[in-house]
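Presented below is the structure to which this report refers.
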Amino acid sequence: MMEFDFKPEQQVLLSEYLGSRSNGIEAMTLEGVQGFLFAVVCSPDGVEPEQWLSEVTCGDEHVIEEVVFAFLALHHHISEQVYNSGFKLPFDESAPWIVMHQWSLGFLRGSQGYLSTLSQAEISEEHKEALISTTELLGFFSLEQEQVETYCKTTGIELDVFCKAQYELATQVAPAFAELVEQVAIASGLYED
């Protein structure tokens, strides 16, 4: 029987693997992969492992079996959280900006296809607004830190207070994101129950 618990040594293995694949814009960090897989798990499209594995490995045809199993274990871990134990962001409010930034970029990358499809479907304004606001909250840290600093300076809001509030809002909406996507997908008529 295959073991799908995501272990600390697998986290190290994936960090090292992803670091070795760094080729500029395409390569994801582990945080980016976590955000991406969260979005994939929440997808109404039922994304096959081959599809998302190709994306997170940048099409690496020589990826070793241990790395593949580590990615599968991470996917399983996130899926378990989303559908059983309650999803929690894999970082806290004191995490470095780059960690939150990479997670949000991964989330947006993994969700852009189905969010685009759903936002163009015939759905209620309530569903559209919920989808937009939730996506904005989960994708907030995809902004460059300098943009947020500039915004805070011009509005007189303290950066730490503003970022903490954004983090707290994201932690509130993240656990219900999959359910929201499912509701909107069914309401759109593009997907069956």
Side-chain angles (χ1 to χ4, degrees), residues 1-115 134-135 137-142 167 170-183 185 191:
M1 188 168 121
M2 197 174 298
E3 185 77 27
F4 273 118
D5 290 336
F6 187 58
K7 298 178 174 60
E9 58 269 19
Q10 288 174 313
Q11 184 168 341
V12 171
L13 177 67
L14 291 182
S15 289
E16 289 172 355
Y17 169 78
L18 292 163
S20 75
R21 298 285 300 156
S22 184
N23 61 352
I25 295 170
E26 283 186 50
M28 282 194 241
T29 62
L30 182 58
E31 293 82 12
V33 169
Q34 289 172 319
F36 178 82
L37 289 179
F38 170 69
V40 166
V41 165
C42 296
S43 173
D45 294 316
V47 183
E48 293 295 323
E50 296 80 20
Q51 290 175 277
W52 63 258
L53 274 168
S54 176
E55 183 99 10
V56 298
T57 64
C58 299
D60 184 2
E61 295 177 14
H62 305 290
V63 61
I64 61 171
E65 195 173 79
E66 289 84 1
V67 171
V68 171
F69 286 140
F71 277 125
L72 291 171
L74 178 57
H75 180 278
H76 178 75
H77 171 74
I78 293 169
S79 186
E80 281 294 308
Q81 281 190 333
V82 168
Y83 293 109
N84 295 322
S85 63
F87 181 78
K88 293 179 180 68
L89 293 173
F91 52 85
D92 64 25
E93 67 188 53
S94 63
W97 185 273
I98 190 68
V99 168
M100 298 184 285
H101 180 71
Q102 291 296 319
W103 188 91
S104 284
L105 287 174
F107 164 74
L108 292 174
R109 182 173 176 176
S111 61
Q112 68 184 2
Y114 64 85
L115 290 177
T134 302
T135 303
L137 288 170
L138 294 173
F140 171 77
F141 291 103
S142 68
Y167 171 82
T171 62
Q172 290 171 18
V173 300
F177 184 70
E179 187 178 332
L180 173 64
V181 169
E182 181 181 11
Q183 287 174 2
Y191 300 89

Distance in Å, [X] [atom1] paired with [Y] [atom2], rounded so as to fall on 0.5 Å steps:
X	Y	atom1	atom2	answer
H77	K7	NE2	NZ	12.0 Å
E80	I78	CD	CD1	11.5 Å
Q10	L72	CD	CG	9.5 Å
L180	T134	CG	OG1	5.0 Å
L18	E31	CG	CD	9.5 Å
F69	F6	CZ	CZ	15.0 Å

E9, CD: over 12 other non-hydrogen atoms inside 6.0 angstrom
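Count over threshold, so yes.
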If only atom types and distance count, is the side chain of [X] paired as donor or acceptor with the main-chain N or O of [Y] below 3.5 Å?
X	Y	value
Y83	V41	yes
Y17	V63	no
S54	Q51	no
S79	H75	no

Taking all atoms of both residues into account, what is the closest heavy-atom pair of [X] and [Y], and its distance?
X	Y	value
P175	Q172	CD-O, 3.5 Å
A39	F107	CB-O, 3.4 Å
V181	C42	CG1-O, 3.4 Å
S142	L105	CB-CD2, 3.7 Å

Taking the side chain as every heavy atom from C-beta outward, state whether F177 and T135 have any atom pair closer than 4.5 Å.
yes
Check: Y167 and F141 side chains under 4.5 Å, non-hydrogen atoms
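Yes, at least one pair of side-chain atoms sits under 4.5 Å.
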Show the numbers, then the answer: is there a side-chain contact (heavy atoms from CB on, under 4.5 Å) between I98 and H101?
CA-CA 5 Å; I98 190 68; H101 180 71; 4.2 Å; yes
Quick one: sort the F71 and W52 rings into parallel, tilted or perpendicular, breaks at 30° and 60°.
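It falls in the perpendicular class, over 60°.
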Can you list, pair by pair, the side-chain donor-acceptor contacts under 3.5 Å of residues 87-95, counting residues two or more places apart and other chains?
from : atom 1 : to  : atom 2 : distance (Å)
D92  : OD1    : S94 : N      : 3.0
D92  : OD1    : S94 : OG     : 2.7
D92  : OD1    : A95 : N      : 3.3

Using side-chain contact (heavy atoms from CB on, under 4.5 Å) as the criterion, list what pairs up with E50, not counting sequence neighbours.
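Expected list: E48.
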Among L74, V40, T57, whose side chain to side chain contact (heavy atoms under 4.5 Å, CB included) with V33 holds?
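Going through L74, V40, T57 one by one, the side chain to side chain contact (heavy atoms under 4.5 Å, CB included) with V33 is satisfied by L74 alone.
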